[in-house]
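Remember, it's a predicted structure, so these values are computed and weren't measured experimentally. Just so it is clear: chains get the letters A, B, ... in the order the sequence lines come, proteins before strands, and each one is counted from 1.
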Amino acid sequence: MSLEGRSVAAAASLPMRRFDAVIVGAGGAGMRASLQLAEAGLSVAVLSKVFPTRSHTVAAQGGIGASLGNMSEDHWLWHMYDTVKGSDWLGDQDAIEYMCRQAPRVVYELEHFGMPFDRNADGTIYQRPFGGHSANFGDKPVQRACAAADRTGHAMLHTLYQRNVRARTQFFVEWMALDLVRNADGEVLGVVAYEMETGDVWILQSKVTVLATGGAGRIFAASTNAFINTGDGLGMVARAGIPLEDMEFWQFHPTGVAGAGVLITEGVRGEGGILLNANGERFMERYAPNLKDLASRDVVSRSMDQEIKEGRGVGEHKDHLLLKLDHLGPEVIMKRLPSIREIAIKFANVDPIREPIPVVPTIHYQMGGIPTNIHGQVVVPRDGHHNTPVPGLYAVGECACVSVHGANRLGTNSLLDLLVFGHSAGGHIVAQNYPAQAHRDLPRDAGDAPRARLARLDAATSGESVPEIANTLRKVMQSHCGVFRNQELLAEGVSKVMAIAEQVAHTAIKDKSKVFNTARVEALELDNLIETAKATVVSAEARHESRGAQARSDYPERNDADWLKHTLWYRDGNRLDYKPVNLKPISVDSFPPKARTY
Amino acid sequence: MEPIAPDRMKRIAWRCRRGMLENDLVLSRFLARRGSALTEDEIGMLDALLDLPDNELWDIIAGRQEPANAAVAPLVAQLRNP
């Protein structure tokens, strides 16, 4: 590729390549969008820190929610109702209607691409039952989850990757995007990116940029997320002056292995596993007398947190609880839960046939993110409008907040979100006819800010340790912004995180080498983790209510009169703004807020 | 014995970043324990294993599946029994 171009002084000092579209992230969302663009004839670059099929989408097991109605009658409106209710009414109902109506189409499209879905005897896609999926507006359970065994995310990534290779998408593997390039008019003109193999910094100039960087679960000490989930897209937009939406909402899974984060599936409690506190008490009997250990994820997580906070946690630091299985007997464990036994042995050093597994509520999914509309366009408040698109910038997948998940995500809607909004962003971008347009001139200071970050790291001979600060940040987020929150904890959390932000600006790395310098990559990731953490704790402190995944012991009720609104956090001034929730769907009547009971 | 080229080792260390936390944890612990003492043969085996998809790699580490390439078995044994 030639370094064609008439870019100006400073920008020209960085090597540069030009594309119609640059996509950051090669998980399900990024590859669904890139496929559409490449097939329409756009030149597309997709950057990924790791090989595309090793993106975190690979860890998704549950399935893709779509009202195909293959098992019994189903309707997109019922799916919509479940999603609105799951979101605790914070989801935007236009976006939710759009997603649920598009769901069958994107599933069939994926089937057409060669996705190996599980099948019924008649050849149709088999659909599994899943928590929260109901027919007739909460009347009875319905089977809506389309899956490929317990490898749905894996199968999706492989299917999309193969199609992208065929469509000639250009993958930049082991590249990390550092910052957006914006001009004085606020248009996004590409990204500054770091090539790990050489340590070189490039400008990838584009007419349109799509962020698909996934969640940022690594801001918490207890997280099911892979190490790569450091919120890179969130850091990039925050530094570019764009707000982050609803970052206080993070979904916890009740049973991650203490100290490791690895998930112990709900199925273990389904088979009869029970949770115990330090006194050996089956405490869920007190919190949920009917469902006990099988109550919903948020209820079990909150109860566990309460036990720990009241001093009935287990272990030297009284910081976890126990998941007991031994009463099921070795045969049941070996036959029905062999992979769980393996995880317990490997990550908790216990054999559940004899001993209980130490578990703790663990961060699983980020509901908030970069504000977008249903076309995937990144939107900001401007001139009295709440949702004005940022020219040339889109975001899709877990890094984006459309908002379809609101305050709490419904199971199987994460993979659906990737497909629907990856597809809609792709379609919207194709319609702009970018190949017929010229690249805009880069601003003179393009690339200066990330280069200054790198230059500081290269020059620093002493300073704070990146891994130590990252670990401190994770611990502070865990203890001050965990399952149960209150004003005192959160206010302290805000001061601590802001103090850590000061330290982040004064880190040093010993290894200054160029080739695959993991220490430097981790320092660059820390710049993104800290922005995500600030957004999360500041937004959580300000929201004086409990809604979905945000549970405040000092404000235990949902408060629609004051808080039925989206949070927007801005990095500059560490300030907050709010915008209304869209309760008006596209074509049907609104689902007005009511109590969320199951 | 020839020392392992530092750049090769650093590339492998980065490639231990995976899509699944299970693999991240097993591989990072393994590198912390053995990274500087790996032989050329072991590096080759690790490199081959890292080419596998995450689910397959985890199935092999967890003992649910044997590697198709029997040559990597000695390293698999180390990953299985830390």
(message) Taking side chain as everything from C-beta outward and backbone as N, CA, C, O, which of these in V257(A) sits under 4.5 Å from a heavy atom of chain B? Side chain, backbone, both or neither.
(response) neither

(message) With a 4.5 angstrom heavy-atom cut-off, is it the side chain or the backbone of Q61(A) that approaches chain B, or both, or neither?
(response) neither

(request) Walk me through it: do D47(B) and R15(B) pass the test salt bridge (charged side-chain N to carboxylate O under 4.0 Å, His left out)? (result) CA-CA 9 Å; D47(B) 213 2; R15(B) 293 183 69 216; 2.7 Å; yes

(message) Using a 4.5 Å heavy-atom cutoff, which residues in residues 50-62 of chain B come close to chain A?
(response) L50(B), D51(B), L52(B), P53(B), D54(B), N55(B), W58(B), D59(B), I61(B), A62(B)

(request) Anything in residues 24-31 of chain B with a heavy-atom distance to chain A below 4.5 Å? Please list those residues in order. (result) D24(B), L25(B), V26(B), S28(B), R29(B)

(message) Parallel, tilted or perpendicular, judged at 30° and 60°: which one describes the rings of W175(A) and F172(A)?
(response) perpendicular

(request) Quick one: sort the Y161(A) and F171(A) rings into parallel, tilted or perpendicular, breaks at 30° and 60°. (result) tilted

State the [atom1]-[atom2] distance between [X] and [Y], to the nearest 0.5 angstrom.
X       : Y       : atom1 : atom2 : value
L49(B)  : N69(B)  : CG    : CG    : 8.0 Å
M176(A) : I228(A) : CE    : CD1   : 11.5 Å
K10(B)  : K514(A) : NZ    : NZ    : 11.0 Å
S465(A) : L526(A) : OG    : CG    : 9.5 Å
S414(A) : Q251(A) : OG    : CD    : 8.5 Å
N225(A) : Q366(A) : CG    : CD    : 8.5 Å

Report yes or no: does [X] contribute a side-chain atom to a donor-acceptor pair with the main-chain N or O of [Y] at less than 3.5 Å?
X       : Y       : answer
K512(A) : R520(A) : no
T53(A)  : H158(A) : no
T230(A) : E525(A) : no
Q478(A) : A222(A) : yes

(request) Indicate the atoms forming the closest heavy-atom contact of T152(A) with M115(A), along with that distance. (result) O-CE, 3.5 Å

(request) For each of G63(B), P6(B), G19(B), tally heavy-atom pairs with chain A at distances under 4.5 Å, and name the one with the top tally. (result) G19(B)

(message) As an exercise: rank M20(B), R17(B), R64(B) by heavy-atom pairs under 4.5 Å with chain A and give me the winner.
(response) R17(B)

(request) Starting from the C-alpha separation in whole Å, work towards a yes-or-no answer on side-chain hydrogen bond (donor to acceptor under 3.5 Å, both in side chains) for S513(A) and D511(A). (result) CA-CA 6 Å; S513(A) 65; D511(A) 182 357; 2.6 Å; yes

(message) Strictly less than 4.5 Å between heavy atoms, which residues of residues 214-221 of chain A line up against chain B? Please order them by number.
(response) R218(A)

(request) Output the residues of residues 331-342 of chain A for which the shortest heavy-atom distance to chain B is under 4.5 Å, in residue-number order; output 'none' if no such residue exists. (result) S339(A), E342(A)

(request) May I have the step-by-step check of side-chain hydrogen bond (donor to acceptor under 3.5 Å, both in side chains) for T362(A) and H253(A), ending in yes or no? (result) CA-CA 5 Å; T362(A) 301; H253(A) 193 290; over 6 Å; no

(request) Give the intermediate values and the outcome of salt bridge (charged side-chain N to carboxylate O under 4.0 Å, His left out) for residues E522(A) and K49(A). (result) CA-CA 12 Å; E522(A) 286 177 353; K49(A) 292 197 288 189; over 6 Å; no

(request) Pick whichever of F227(A), F51(A), F347(A) has the most heavy-atom pairs under 4.5 Å with chain B. (result) F227(A)

(request) Answer yes or no: are there more than 12 heavy-atom neighbours, outside Q65(B) itself, under 6.0 Å from its atom CD? (result) yes

(request) Could you walk me through whether R34(B) and E42(B) pass the salt bridge (charged side-chain N to carboxylate O under 4.0 Å, His left out) test, one step at a time? (result) CA-CA 10 Å; R34(B) 290 282 337 268; E42(B) 287 170 327; 3.2 Å; yes

